Amino acid sequence: MAAPAAARTGHFIAGAYSDQSTDRIDVVNPATEDVIASIPAGTEADVDTAVRAAAAAFPAWSATDDAARVAMVRAIGSGLRERADELAATMTAEMGTPITFAGKVQVLNPVGIVEGVADALEAGALGTVEIGNSLVVREPIGVVGAITPWNFPLQQAVAKIAPALAAGCTVVLKPSEIAPLTAGILAEVIEAAGVPAGVFNVVHGTGPVVGEALAAHPLVDMISFTGSTRAGRRVSQVAAETVKRVALELGGKSASVVLDDADLVRAVKITVGNSFMNNGQACSSLTRLLVPADRHDEALEAAVAAAAKYVSADPADPSTRIGPASSAAQRDRVVGYIRKGVEEGATLAHGGPDPVEGLDKGYYVRPTVFGNVRPDMTIAQEEIFGPVLSVIPYTDEDDAVRIANGTVYGLAGAVFSADSDRAMAVAKRLRAGQVDINGGMFNTSAPFGGFKQSGNGREYGRFGLEEFTELKSVQR
Ligand code: NAD
């Protein structure tokens, strides 16, 4: 397996790598607590250089024909596939995602996203439409600033870069400073795919310095941000000064609604698997399990049985299903929420705030299940971003929908029922951007994004591609 520390750590600007800065940010393996690399702490000047390179590359890149861009985007997908093992090992080392999950999901979802975008462009997704005497054309919006989080370091970057490049935009990426190493491999893959210098650039650094400089830069036409609602709000404020477009993919507190006619044990197993996926660190995690009140105890028992199969262990071991939180700060935050759940009177049925026995190093959190959670409790309202599931009893279908919709978020949801019409009717009542019925599979070409404070805009496939364009009406 390739040594992750060998991944390039510098900025990538106008086709050149630079790693000269003495002001650096350590990258820590959350399973071992070892510093495995360091990245340059970028400055406003680095952002300015990268944005100017992207702006200079825009006229030529936006004038290439669709077929040339489709070919390059597909070559990026092939490049990611070729370096899959190295990418997976790098993500496991930088943020603790279990290696088997990394290989299957953290690498292959981005490949699927790339292919979905290329297919959409090839199928004419950005084609001209005639309305009366007008031709309505879609043109690339310009220079895109992409800001991404640590939990799916490759997927979140590719979900922005692939459609932006396919649409004819140029890009400056600021990866998360917690998990920045994957971006070095991605830059090499994009360069090897034949994408010209300046079309894709990477500037490393912190959110308040590099992220805000990107959001503020007058030559950036659009910011595409994925991360916390707190930082997304700040990015919107900073970007407002130059009236640029802002697309936000933010947090979630998604509900899995198990109706009274559903296969309860199957529904619970799927929900537990979803909520503990990626060490409980997915924005669309089903972290609230809503069950009929008279089946609460049965559901809780099934949830505990399913959770018991998640044993915290070294994420580099292929048999591991759950690894550590991605940082010490994240571990402390999650443990704080578990304590809060106990204080507020939820039933601690599995796990808890104590350290995982037998693991002296690493930011591990015990996979935790709470029962008898009331919808107004902190653990039922706030995004925890760790392996903590809340089982919430409801009285009837209306009550279930009210609870499911009763947070500031609206990213995802699930419905389980033996009756597909009934499941669809409830799915339509959920105020969320994507809803899975009876364990429906994730689709990397279907639009992904949030209602309410989970954000605005959509990623993936045809609809994700459209986000990176401006509409122009030409009258004849
Ligand atoms: P975060 O908001 O702390 O950081 C995300 C990115 O924003 C990082 O690159 C960070 O450096 C940058 N940033 C932070 N402050 C900034 C500022 N003031 N200005 C500009 N940039 C700033 O989030 P995180 O901890 O890396 O990721 C976890 C969060 O991301 C969770 O809330 C999760 O739900 C969300 N998320 C959402 C999606 C989605 O698609 N909706 C996907 C993954 C993660």
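Order of appearance sets the numbers: ligands from 1, and atoms from 1 within every ligand. Bear in mind that the values here come from a model prediction, so they are computed numbers and not experimental data.
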Distance from [atom] to nearest protein heavy atom, with residue and atom:
atom: atom 36 (N) of ligand 1; result: C283 CB, 3.5 Å
atom: atom 28 (C) of ligand 1; result: F385 CE2, 3.5 Å
atom: atom 23 (O) of ligand 1; result: S228 N, 3.4 Å
atom: atom 11 (O) of ligand 1; result: E177 OE1, 2.7 Å
atom: atom 3 (O) of ligand 1; result: R230 NH2, 3.5 Å
atom: atom 26 (O) of ligand 1; result: W150 CD1, 3.0 Å

Is K361 salt-bridged to D314, cutoff N-O under 4.0 Å?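 Salt bridge: no.
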
For ligand 1, does [X] get within less than 4.0 Å through its side chain, its backbone, both, or neither, judged by non-hydrogen atoms?
X: E459; value: neither
X: L250; value: backbone
X: V238; value: neither

Report yes or no: does A215 have a heavy atom closer than 4.0 Å to ligand 1?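 No, A215 has no heavy atoms under 4.0 Å from ligand 1.
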
Output the list of atoms in ligand 1 that are nearer than 4.0 Å to some heavy atom of [X], sorted by atom number.
X: A231; answer: 2 (O), 14 (C), 15 (N), 16 (C)
X: I147; answer: 6 (C), 7 (O), 9 (O), 12 (C), 21 (N)
X: R234; answer: 18 (N)

Consider only side-chain N and O atoms of H11 and D19, and report whether a donor and an acceptor are under 3.5 Å apart.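 D19 and H11 do not have a side-chain donor-acceptor pair below 3.5 Å.
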
Below 3.5 angstrom, do we get any N/O pair linking [X] and ligand 1?
X: T206; result: no
X: T226; result: no
X: G252; result: no
X: K174; result: yes

As a check for students: among A179, G207, A146, identify the option with a heavy atom nearest to atom 22 (C) of ligand 1.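 Checking each option, the heavy atom nearest atom 22 (C) of ligand 1 is found in G207.
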
Listing request: all side-chain hydrogen bond (donor to acceptor under 3.5 Å, both in side chains) pairs with a residue in residues 434-454, at least two apart in sequence or in separate chains.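 The answer is R233-Q453.
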
Show me the side-chain donor-acceptor pairs of residues 322-333 shorter than 3.5 Å, one per line, residues at least two apart or across chains.
residue	atom	partner	partner atom	Å
S327	OG	Q330	N	3.1
Q330	NE2	F385	O	3.0
R333	NH2	E383	O	3.3

Does the Lys NZ or Arg CZ of R321 fall within the cation-pi geometry relative to Y310 - under 6.0 Å from the ring centre and within 45° of the axis?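 Yes; both conditions hold, so R321 lies above the ring face of Y310.
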
